[in-house]
Protein chains: 4
Amino acid sequence: MSPRRRDSEGTAAARAERRAELLATAAEIFASRGYAATTVREVADAAGMLGGSLYYHFDSKESMIDEILSTFLTDMWAAYDRVLGSGLGARETFQALITESFRTIDQYRPAVVIYQNESKHLVTNPRFSYLLDSQRRFREMWLSVLDRGVLDGAFRADLDTGLIYRFIRDTVWVAASWYRSDGPLSADEIARQYLVMILEGILST
Amino acid sequence: MSPRRRDSEGTAAARAERRAELLATAAEIFASRGYAATTVREVADAAGMLGGSLYYHFDSKESMIDEILSTFLTDMWAAYDRVLGSGLGARETFQALITESFRTIDQYRPAVVIYQNESKHLVTNPRFSYLLDSQRRFREMWLSVLDRGVLDGAFRADLDTGLIYRFIRDTVWVAASWYRSDGPLSADEIARQYLVMILEGILST
Amino acid sequence: MSPRRRDSEGTAAARAERRAELLATAAEIFASRGYAATTVREVADAAGMLGGSLYYHFDSKESMIDEILSTFLTDMWAAYDRVLGSGLGARETFQALITESFRTIDQYRPAVVIYQNESKHLVTNPRFSYLLDSQRRFREMWLSVLDRGVLDGAFRADLDTGLIYRFIRDTVWVAASWYRSDGPLSADEIARQYLVMILEGILST
Amino acid sequence: MSPRRRDSEGTAAARAERRAELLATAAEIFASRGYAATTVREVADAAGMLGGSLYYHFDSKESMIDEILSTFLTDMWAAYDRVLGSGLGARETFQALITESFRTIDQYRPAVVIYQNESKHLVTNPRFSYLLDSQRRFREMWLSVLDRGVLDGAFRADLDTGLIYRFIRDTVWVAASWYRSDGPLSADEIARQYLVMILEGILST
DNA sequence: TATGAATGAGCGTTCATTCAT
DNA sequence: TATGAATGAACGCTCATTCAT
């Protein structure tokens with residue numbers, strides 16, 4: 001046993017940790033430069049290794065973005081499911097989902113940015129069919145909340161719910177492109193103000 | 001008018017028309033596949049010619065996206081300037097700008113999508129410094145309208161105007177990614193409903 | 001008959017004149033930029049026409065350099081043959097050939113430069129086999145003059161004639177690369193001084 | 001010395017050796033076919049690899065010729081400086097410089113040929129400004145030796161020194177185009193005979 | 001675990017050439 | 001005679017990927 005073998009090094013846990021580090025590095029670069037425009041050498045450089053060495057950890061560049069996106073989506077849906085399972089009314093559900101979305105942005109900013117920028121192209125690849133599934137589920141979730149809210153009188157009925165859905169989806173998720181966790185406004189505070197704007201509008205009353 | 005004058009006029013016009021056709025083709029593909037991921041050969045294929053033949057019309061792939069973006073921005077700013085010069089109040093200006101933005105999306109959808117997806121990377125190239133200029137002017141325009149509206153009591157004062165600005169910018173422009181001119185809702189109708197949502201919110205009253 | 005048809009225009013003579021003009025233009029550019037590095041568009045530009053238009057006058061870029069080189073070589077050999085046929089002694093023949101060479105450089109500078117730079121590569125092409133022929137004849141001519149001179153005591157016998165031949169060939173023809181017909185020294189004056197150097201050396205006596 | 005030190009030293013040395021091999025291959029081809037007319041694939045073929053693989057070792061085709069030329073010039077100037085610093089008279093300096101030049105040709109034949117053929121075009125590129133510097137220094141060196149020799153009576157005064165300079169420069173360096181290290185005459189023997197011709201002329205006395 | 005060297009497909013671009021007008 | 005538009009082959013170069021060490 002060499003000294004390097006002590007602790008968890010060489011174990012599956014250490015391996016998983018290294019993967020997570022590398023994926024975090026890759027996500028940051030994919031998000032800022034774009035997936036297609038990022039070379040695996042750039043990722044490797046940032047991780048302090050040579051291009052070919054990344055292939056010890058990952059099958060391909062594609063498997064990196066795959067793991068980045070699926071990890072983030074799994075976690076996001078866990079959070080959404082917690083909200084959806086807690087028996088709230090339409091408006092409260094709406095508020096909780098928006099808040100949860102900004103928390104996801106806070107936690108997974110690079111992955112969210114990648115998701116926004118790349119999923120359109122990735123979706124044509126069967127490997128990423130889960131992106132389509134997620135998009136469909138996402139749409140159904142919001143439409144169901146909006147419909148419930150219109151029915152119970154919480155939300156106005158004179159608007160196209162499909163349009164409201166897109167309005168919310170876009171404004172919330174694109175925020176990932178400018179959000180900084182060390183910015184002047186916390187994720188929760190941004191969520192709060194966004195909720196005011198979406199629910200009540202920006203007109204003074 | 002000698003026949004030769006007519007010929008050369010027809011030729012120059014035909015040439016400009018061909019350029020416009022090719023740029024429209026390129027814009028459509030850049031928008032749907034992404035600029036970096038689009039090959040010159042794909043654009044040429046779609047235009048019914050070989051890769052190298054595009055270089056008879058354009059200096060480079062870069063000069064194509066340049067012309068696509070600068071044409072759209074020039075036109076968009078002409079429309080904005082018309083609104084800004086017409087002496088409207090803050091709220092009316094706000095409404096007119098939103099409406100004008102959706103008309104721009106209607107007319108320049110691929111260019112707007114490209115602008116959204118690529119300007120972040122393009123901006124590092126001095127050739128595209130006008131994108132930065134446009135972004136700055138755009139921000140100042142909206143902040144000025146919002147500030148005026150807050151001062152004269154039209155807009156609520158308890159929100160961060162910087163946040164409102166981003167909220168509006170994102171939600172309006174990202175709409176280009178799903179807007180179809182042959183969709184169920186016209187650009188003006190989408191603008192109208194977006195204005196309701198932004199100004200009054202989605203809560204029933 | 002249009003007015004443009006008067007004089008020799010449209011005739012074979014006019015055509016030949018135009019060819020000569022175009023070849024002079026091409027030769028100048030081939031000489032200064034190198035044949036491979038010169039595009040036919042550059043030649044056409046300099047001639048005030050479009051790239052494709054040159055093909056009305058010439059079959060190919062290759063046929064241009066072919067005509068440039070063969071014209072020059074034909075003329076040069078006519079001059080050499082005049083010297084060789086005039087029954088001079090070795091030393092006088094030597095002097096006359098050198099002088100004639102500098103006159104050729106004066107008259108055909110671009111062609112001589114092209115010949116120096118390109119014939120090595122051209123020679124592999126059967127079309128340019130006459131270049132090889134010329135080189136062989138050239139070598140034989142000089143070796144014969146040198147041998148005659150050694151035999152009759154004019155030239156020293158302690159040097160390798162093959163080396164003398166190369167020495168003279170190189171120094172004379174490379175002069176084309178810096179010679180200017182409007183320079184401070186005339187071709188005949190350069191020939192005179194070169195002859196002093198070659199025959200007597202640069203040492204003071 | 002740990003084994004790892006030895007490894008990495010061996011690796012660095014092996015790498016430098018491989019570069020040198022590849023550059024020797026490239027120089028040979030650049031010299032025989034011309035730089036512009038040589039494709040990267042041809043160089044790679046000759047080196048037993050694919051075109052793209054060369055880019056693991058070199059940044060660009062240009063950086064190859066750069067390294068070829070700068071290495072040769074550095075070495076040549078070191079040799080010249082040794083001669084210039086040894087306090088010889090004009091005539092002895094002259095002889096030593098010629099001899100050294102032929103030794104350089106012997107050692108760096110392909111590089112010298114490339115230098116002759118390509119520097120005119122390369123010089124327009126700021127990256128190769130050192131070629132211009134070298135040319136200027138070269139000219140000043142020879143003119144200074146010639147002037148010294150004329151002043152102290154070694155060289156004849158009735159010739160244009162600028163012309164002598166070109167005469168020598170051309171005849172010496174163009175020799176690289178036909179010199180073979182395995183030819184019948186050694187570099188030193190060629191230098192000796194050239195010196196006879198240049199200093200004393202070819203006339204028998 | 002990681003390196004270093006190479007692969008091979010494909011990219012943006014150039015250019016001699018063609019041809020209908 | 002010359003133009004304008006296009007062809008198609010080839011070029012320098014990039015990059016995800018492989019693999020012996």
Side-chain angles (χ1 to χ4, degrees), chain A residues 4 9-10 14-15 18 22 36-44 47-64, chain B residues 4 7-8 11-12 14-15 18-19 22 36-44 47-64, chain C residues 4 9-10 14-15 18 36-44 47-64, chain D residues 4 7-8 11-12 14-15 18 22 36-44 47-64:
Chain A
R4 297 185 57 228
E9 288 188 43
R15 190 162 175 170
R18 189 80 175 105
L22 293 171
T38 299
T39 70
V40 345
R41 223 189 191 107
E42 282 168 344
V43 174
M49 53 173 64
L50 290 180
S53 306
L54 270 180
Y55 287 80
Y56 177 81
H57 301 278
F58 302 98
D59 285 346
S60 63
K61 188 186 177 189
E62 199 178 75
S63 78
M64 292 186 220
Chain B
R4 295 185 61 214
D7 277 349
S8 79
T11 299
R15 191 165 179 161
R18 189 81 174 103
R19 275 181 85 83
L22 294 171
T38 299
T39 73
V40 164
R41 280 167 178 88
E42 282 168 345
V43 174
M49 54 172 64
L50 291 177
S53 305
L54 273 178
Y55 288 80
Y56 179 77
H57 301 278
F58 302 98
D59 284 345
S60 63
K61 187 187 176 187
E62 196 180 78
S63 79
M64 295 185 216
Chain C
R4 298 184 58 228
E9 290 190 42
R15 191 161 174 170
R18 189 82 176 104
T38 299
T39 70
V40 344
R41 221 188 192 107
E42 282 168 345
V43 174
M49 53 172 65
L50 291 180
S53 306
L54 271 180
Y55 286 80
Y56 177 81
H57 301 278
F58 302 98
D59 285 346
S60 64
K61 188 186 175 189
E62 198 180 75
S63 77
M64 293 184 220
Chain D
R4 295 187 59 216
D7 278 346
S8 78
T11 300
R15 190 164 180 162
R18 189 79 175 106
L22 294 170
T38 300
T39 72
V40 164
R41 279 167 178 87
E42 283 169 344
V43 174
M49 53 171 65
L50 290 177
S53 305
L54 272 179
Y55 289 82
Y56 179 77
H57 301 278
F58 303 98
D59 284 345
S60 63
K61 186 187 177 190
E62 198 179 78
S63 79
M64 293 184 218

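Since the model is a prediction, treat every value here as computed from it, not as a measurement. Naming: A, B, ... by sequence-line order, numbering from 1 per chain.
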query = Quick one: A:F58 CZ to E:dA2 C1', roughly how many Å, whole number?
reply = 14 Å
inquiry  = In whole Å, I'd like the distance from the NZ atom of A:K61 to the P atom of E:dA9.
reply    = 19 Å
ask   = Which nucleotide sits closest to the side chain of D:Y55: F:dT14, F:dT7, E:dG12?
value = F:dT14
message = For F:dG4 and B:R19 - does any side-chain N or O of the residue sit under 4.0 Å from the phosphate oxygens OP1/OP2?
response = no
task = Check the distance between E:dA9's P and B:R41's CZ and give it to me in whole angstrom.
result = 14 Å
task = Please report the closest heavy-atom contact between D:M49 and D:L54, naming both atoms and the distance.
result = SD-N, 3.9 Å
Under 4.0 angstrom between C:H57 side-chain N/O and F:dA2 OP1 or OP2 = yes
task = For C:A37 and for A:G51, locate the closest nucleotide of DNA chain E by heavy-atom distance; then report the residue assigned to the nucleotide nearer the 5' terminus.
result = A:G51
inquiry  = Between P on E:dA16 and CD on C:E42, what's the gap in Å once rounded to a whole number?
reply    = 8 Å
task = Using atom CZ of B:R15 as one end and atom P of F:dG4 as the other, report the distance to the nearest whole Å.
result = 7 Å
Side-chain N,O (C:Y56) to OP1/OP2 (F:dA2) below 4.0 Å = no
message = Could you measure the distance from the NE2 atom of D:H57 to the CZ atom of D:R15? Nearest 0.5 Å is fine.
response = 8.0 Å
query = Are there more than 12 heavy atoms of other residues, nucleotides or ligands under 6.0 Å from atom CZ of B:R19?
reply = yes
query = Where each residue is assigned the nucleotide of DNA chain F containing its nearest heavy atom, which of C:R18 and D:S60 is assigned the position nearer the 5′ end?
reply = C:R18
Distance, P atom - from E:dT1 to F:dT21, rounded to whole angstrom = 22 Å
request  = Name the residue closer to the 5' end of DNA chain F, choosing between D:E62 and C:G52 according to the nucleotide with the nearest heavy atom.
outcome  = C:G52
query = How long is the line joining CG of B:L50 and P of F:dA5, in whole Å?
reply = 16 Å
query = How is D:S53 classified with respect to the nucleic acid when contacts are heavy atoms under 4.0 Å: base, sugar-phosphate, or nothing?
reply = base
message = With a 4.5 Å cut-off on side-chain heavy atoms, are D:K61 and D:V43 touching?
response = no
ask   = Quick one: which of E:dG4, F:dG12, F:dA5 gets closest to the side chain of D:T39?
value = F:dG12
ask   = If you look at every strand shown and take non-hydrogen atoms under 4.0 Å, does D:S63 touch a base, only sugar-phosphate, or nothing?
value = nothing
ask   = Heavy atoms, side chains only, cut-off 4.5 Å: are A:L22 and A:F58 in contact?
value = yes
key: Nucleotide forming a Watson-Crick or wobble pair with F:dT21, both distances under 3.5 Å   = E:dA2
query = Taking CG from B:D59 and P from E:dT13, how many angstroms apart are they, rounded to a whole number?
reply = 9 Å
Separation of F:dG4 P from C:M49 CE (nearest whole Å) = 13 Å
